[in-house]
Structure formats: structure tokens, C-alpha cells
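Protein chains get the first letters and strands the later ones, always in sequence-line order, with residue 1 at the start of each.
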Amino acid sequence: MLDIQDLHATVEGQEILKGLSLQVNAGEVHAIMGPNGSGKSTLTNVLAGRDNYEVTDGTISFEGRDLSGMEPEERARAGLFLAMQYPVEIPGVSNLEFLKASLESMAEARGEEAPDSVTLLRRARAACEQVDLDQSFLKRGVNEGFSGGEKKRNEILQLMMLEPKLALLDETDSGLDIDALRTVAAGVNSMRDENRAIVLVTHYQRLLDYIVPDQVHVLSGGRIIKSGDQELAKELESKGYSWINGEEQSA
Amino acid sequence: MTAPATANELATELKAQALARANARSGNDALGPMRQQARALLEDTPFPGPKHERWKYTSLRALEAGHLKAPAPTQQPVEVPPDLGFARLVFVNGHFHEALSTLPDTAGLQVLRLNGEHEARLSDAPASPFAWLNGAALEDGLLLRVAARTQLESPIHVLHIGESGEPACCDMRIRLEAGEQSEITLIEEYAGNGPIFTNAVTEIESAPASRVMHYRLQHEAPACLHIGSLILQLAKDSHIRSEQFMSGSTLRRNEVQAQLNEPGAELELNGAFIGRGSNHADNQVCVEHRAPHCTSRQVYKGMAGDKARLVFNGRIYIHPGAKDSSADLSNNNLLLSNSAEIDTKPELEIYNDDVICSHGTTVGQMDALQLFYLRSRGISEPEAQRMLGIGFINELLLALPHESIADWARPWLASEVTEAE
Ligand SMILES: Nc1ncnc2c1ncn2[C@@H]1O[C@H](COP(=O)(O)OP(=O)(O)O)[C@@H](O)[C@H]1O
Ligand SMILES: [Mg+2]
């Protein structure tokens, strides 16, 4: 589904990704771990098509399509979803309007019928319940005045409503207490599907106790330097990132 | 062909036209004394020219077409906006239109016409020559008196429609006197089409412990001209909240003069002004704290697309005796195009130390991260911009106490934003 080869990318002129390769197949869950500043968010932003994140070399192919020339909205309509590390507040635009506009744009692009407002509301309420957000959050401005955890849960709510093919979750676990972590993990697990791929970006191992990945990758210095299964995540947790960095230097 | 008039010549010419208009109206009816007083003030006040700081960004050149020389006749309006579900008093080109009006329930409320049957007086707030011209030339208007301790449940809606195919002018005047401990909601709405110049004055006096909710909805077509004065005078412990929504037009200027005259008065002013095409909207707001323990809060938002030009000048004047004053003002503006322009300036004049005062003005473009967030959910760039434009103003709509006004404002806002891009 996602095939990244030798990706180099700059942020405001500075090279952050330096030859990153990654393959993710439908039905799989991958975890990307790595120290702060290693380029994890940069990777997700490059994939989502954010301004000022420039691909300078390498290829990104999503279901056989070259992503690099596509606008962010085209990528989303093609089935890519990014749960941002720092979800954006948009006062004055309600969560429900946001979901409606999003679903309508997606449906229009695919030549499908958008859900009517009754169906939309019913689905949105059910999603609220699943991520344990009060329904009043649908009426509030997008992420406006939400706590850190509420923002993350709101991202998962959008994930559930939009049903993408590929979900990139950037540190969706950070800043969550244990109950919220369980809720978010349950939400993500409910989205596991043989036709869908999920990439979890995380700094900590603990999320992987709840969402068991098929593969774990370590990102450091703008490259994937090690891949393995869940055991790799446990090893990282016990030995710390300096273990990887040391290994990389000696390699 | 004659050379175009210089700005000074234009000011002189407009003043001559204004005086001629005033002179044509000095009847011997009950409004006579007010007209004479206003005429004298008009005569003493120079018309704004290029050197006038307060008129720096607003030119009167559009009036060169001769609007002031042609009083608009009473007529049957072509387009009447839908009502808002309340009793509505309709004026067309400055004249009361009985057939289109429904009279409100009058218990505790006096509804009088300022057409020469009843006396009226000028408020003593400082005013522009246009406000004096309104007083000097007035033929018709409205005086609303709410009896002491009367709480009017239903809002009073006053609609003014200006329509003319040729350059013409009309005057509209509303005076509201809210008695002690009374409560009233007044909705002023201005609609219209064609090159008509509406010269409007609204005066609101709140007696001790009264509460006035005021709306001003201005959505005349771009060809219309409008210069309006809103004068608010607050007595002890009274409360006025005014919500103002306005589309720009060929020439639009709103002057607000608010005077907190006695202790404990509270004023809340909120407004949104939107410009598109080559429209213009100029807001001049002055809030004077003249007594101790008064509070004023202002939130104005401007949004300009295309080549529109918006102006906001917010002056807060705290008098020496006005101890324990609390005043704040925010004016945030959103530019939707590189050719649009917004000039905003807060002016603080504070003459005692016991004051809490804050002010902030900004002019910015759409937030790149907000745009990206919407687009990353499949929303197209133009739609994302539209949503953010609406959202920017919608914050004010969400706080409105009357749902029917928010229901009016949403489509208004949507069409303004859609056309602003
Ligand atoms: N908008 C930006 N402008 C400049 N530098 C950035 C920007 N975003 C990220 N960086 C830099 O890119 C590097 C990688 O950051 P990031 O991808 O956020 O790391 P991670 O998510 O792994 O913590 C860091 O050195 C960071 O300072
Ligand atoms: Mg990050």
C-alpha cells in the first residue's frame, strides 16, 4: 500500500529525512519509534503534503500512485489520514461542520453520495461514545479549548468517521493517562482491517502493549536504522535510545 | 469639461448642498427647534476635507454625484427583506411605511413618529456634520419610550429600506429612551439597492438600571452609501449591549459615540464588518468613561477580500474622575487577498491611574496550519478558506442571545465570505 524508497526531505531548507525507506502492506500495523527530533513528525507531514516540507529525492508511492505531486486534499481523498501530533484549534468552526465538510468533499471526489445529516449525526455520536468524548464536543469549535487528551481523542474520532486506507498516527498516545490510552487504543484496534494499514508513530513502548504491531521500526537521524517485531520495542524500552545510537555509530 | 474638484472644493460644495437641504426643511412643526439647533451646528462645522485625521481613509468623493441635492421620494420598495419573527416598523427612503409595518404590543412602550407631531431634541454628544444634517433636515423618524420597570419580552425591529435608481439621499432617525429598570431589545436593519445615500442617526439613552440589547444589521447593496451615527448614553447601573454586522459598500461609515455617564454603567460593543469587491467600511468608535466604576468591552472583527478597504478606529477616553474604570478593546482583522487593505488604530486617552485598560489590534492572513489541517481532511483549499473566513466571524454569532439573529446572520456571512474571495 505504501512504498517509500530512499526518501530525502527538507523542512525550510534543512535536510531532515536522509534516505528513508519503508514498506507497509494493507492489513498491517507498523510502529515507528525514535528519539525526539529524529524526523518522525517530518515523515508524517511529508506524507500528508504539508507546505514547506519538500521532497528532494526518492519516491513515495501510495497504492501505486506517486504522492509527491498531490495536494493535501487529494491525498486525503485517496485514503490517507494523518492524526497530528499537535491537532490544530479552529475556533468558530464546529467539529460537526468540520466532519460534514470533510465527508462531503471525500464523497464528492469519489462520486459517492455524502451521508445525510441524520446519518452523519448518528455516526458522529456513536464515534464520540467510542472515544469517550461527550457529545457536546461536536458542537464546540474544532479542538477549541480541548485538553491535550481530548484533542487526541478527537483525532481518533475523525479517523473513525473518515475510514481511511492508511492512517498515520503521530504520537497519539503522548499526554494520555492510562484510561485515555486504553480508549484510544481500543478505537484504533476497532479500525484494524485487512484493507487498512496503520502507522503508529510513538516515543514510548507502552502504546504497543495495547496495539500490537506487525513491525517495529527505529527512526534515527532521518533514516530507518533497524526493523523488527514487538521484541525490538521492548528492547528499546529497556536499553534506551542511546543503545540504538551507539549501535548505529559503531556500525 | 471642468477639472475635477479638489478635496477642499468638494468639502465646500457638499457643505453648501447640506445647508441648502437643511434650509428647504425649516417647517414650523414640533421638530422646528431641533432642526434650527442642528442647522446652526451644521453651519459651524466644516465638512471633512483631506486634513481631517478622522477622515483620513474615507473620501466623500462618491457624493460628488449629487446625492445631497436629491431627496429620495417615498415609494413602494421593490425588495423587502424577510421579517425576523418580531413586530417590524418599516421605513422606506426615510419615511414610515404603514402598510408594510406591524405595530408592536404597546403595553409599557410608546411608539411615536418624529414627523413633526412630537418634539425631539439633539443629544449633546459630539457628532459629525452628517449627524447635524440629519437633525436639520429630518422629516420622519421614530421615538421609542419604554416605561420604567417595563420588561419588553419581544424585540422591536426597525427596518429601513433605501431604494433609488438615481443618486438621492434620505435621513433616518431613531431615538430610544429606556426608562428606569426597563428592558428592551431593539433591532435596526438597513437594506437597500441603488445609489441612495442613507444618513442615519440612532440615539439610545438608558435610564438607571435599565438593560438595552441593540442590534444593527446593515446589508445594503454595494451601490448604496451609508453614513450612520450611533449615540449611546448610559445612566447609573444601566447596561447596553450592541451587536453590529455590516457589509461594506461604495461608502460606509459608522460612528459610535458611547458615553458612560454615571457610576456602574456597563457597555458591550461587538461588531463584524466585511468588505469585498472594491467596497469600503469605516468604523469610528469612541467610548468615554465619564464616571467611576464603569465597564466597557469591545470586540470588533474585520474581514476584507478582493480590493476592499476597511478602517477601524477605536478610541477609549477615560476622564479624570472616572476612577475604577475597566475598559477593553480588541479588533482582529483577516485579509483574504493581497489587494485588500485594513487600517486599524486603537487610541487610548487615560486621565487617572485607577484604570484597568487593555487593547489589541491585529491584521493577519489565514493561518497556514489551520488551512493545512482542513485540507488534510479532504477539504479543498477554496472551501477551507471559506470555512475559516466564516469561522473567524462565527465566534461572534455563537455568542448572540437571539437565535433568530444568528439565523439571519449565518447566510449573510456565508454570502459575504463567498463573494469576498
Ligand atoms: N517547521 C520546522 N521548521 C524547522 N525545523 C523543523 C520544523 N519541523 C521540524 N523541524 C526540525 O526537524 C527535525 C525533526 O523534527 P521532527 O520531525 O518533529 O522530530 P520528531 O517528531 O521525531 O520528534 C528537528 O531537528 C526539528 O527541529
Ligand atoms: Mg514528533
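For A/Leu162, the part lying near chain B is the side chain, with the backbone staying farther off; criterion is any non-hydrogen pair under 4.5 Å. With a 4.5 angstrom heavy-atom cutoff, A/Ala83 touches chain B only via backbone atoms. Of the two parts of A/Arg75, neither the backbone nor the side chain holds a non-hydrogen atom closer than 4.5 Å to a non-hydrogen atom of chain B. Only the backbone of A/Glu89 comes within less than 4.5 Å of a heavy atom of chain B; no side-chain atom from C-beta onward does. In this structure, chain B has no heavy atom under 4.5 Å from any part of A/Glu74.
Your options are A/Pro72, A/Ala101, A/Gly141, and the one with the most heavy-atom pairs under 4.5 Å with chain B is A/Pro72. Your options are A/Ala78, A/Gly49, A/Pro87, A/Pro91, and the one with the most heavy-atom pairs under 4.5 Å with chain B is A/Pro91. Of all the listed residues (B/Asn394, B/Asp367, B/Leu371, B/Ile379), the one sharing the greatest number of non-hydrogen pairs under 4.5 Å with chain A is B/Ile379. Taking A/Val93, A/Val142, A/Leu103, A/Ile90 one by one and counting their heavy-atom pairs under 4.5 Å with chain B, the maximum is reached by A/Ile90. For the set A/Glu104, A/Glu144, A/Glu97, A/Met106, the count of heavy-atom pairs under 4.5 angstrom toward chain B peaks at A/Met106.
Within a 6.0 Å sphere centred on CG of A/Asp66, heavy atoms belonging to other residues, nucleotides or ligands number more than 12. The environment of CD in A/Gln5 is crowded: more than 12 heavy-atom neighbours from other residues, nucleotides or ligands sit within 6.0 Å. Surrounding CD of A/Glu113 are at most 12 heavy atoms belonging to other residues, nucleotides or ligands under 6.0 Å away. Atom CD of A/Gln135 is surrounded by more than 12 heavy atoms from other residues, nucleotides or ligands within 6.0 Å. For A/Arg65, the CZ atom sits in a loose shell: 12 or fewer heavy atoms of surrounding residues, nucleotides or ligands are nearer than 6.0 Å. The number of heavy-atom neighbours closer than 6.0 Å to CZ of B/Arg211, taken from other residues, nucleotides and ligands shown, is 12 or below. The 12-atom threshold is exceeded at CD of A/Glu63, counting heavy atoms of other residues, nucleotides or ligands nearer than 6.0 Å.
Contacts between residues 395-408 of chain B and chain A, defined by a heavy-atom separation under 4.5 Å, are made by B/Glu395, B/Leu398.
Here the side chain of A/Glu73 pairs no donor or acceptor atom with the backbone of B/Arg377 at under 3.5 angstrom.
Nearest heavy atom pair, residue B/Gly378 against residue A/Ala76, reads N-CB, 3.3 Å.
Here the OG-CD distance, from B/Ser380 to A/Glu108, works out to 8.0 Å after rounding to the nearest 0.5 Å. Here the straight-line distance linking atom CG of A/Asn45 with atom OG of B/Ser376 works out to 9.5 Å at 0.5 Å rounding. Atom OG of A/Ser94 and atom CE of B/Met387 lie 8.0 Å apart (nearest 0.5 Å).
The aromatic ring centres of A/Tyr86 and B/Tyr373 sit 6.0 Å or more apart.
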Working for side-chain contact (heavy atoms from CB on, under 4.5 Å), residues B/Glu381 and A/Glu71 = CA-CA 9 Å; B/Glu381 187 170 19; A/Glu71 297 292 338; 5.5 Å; no
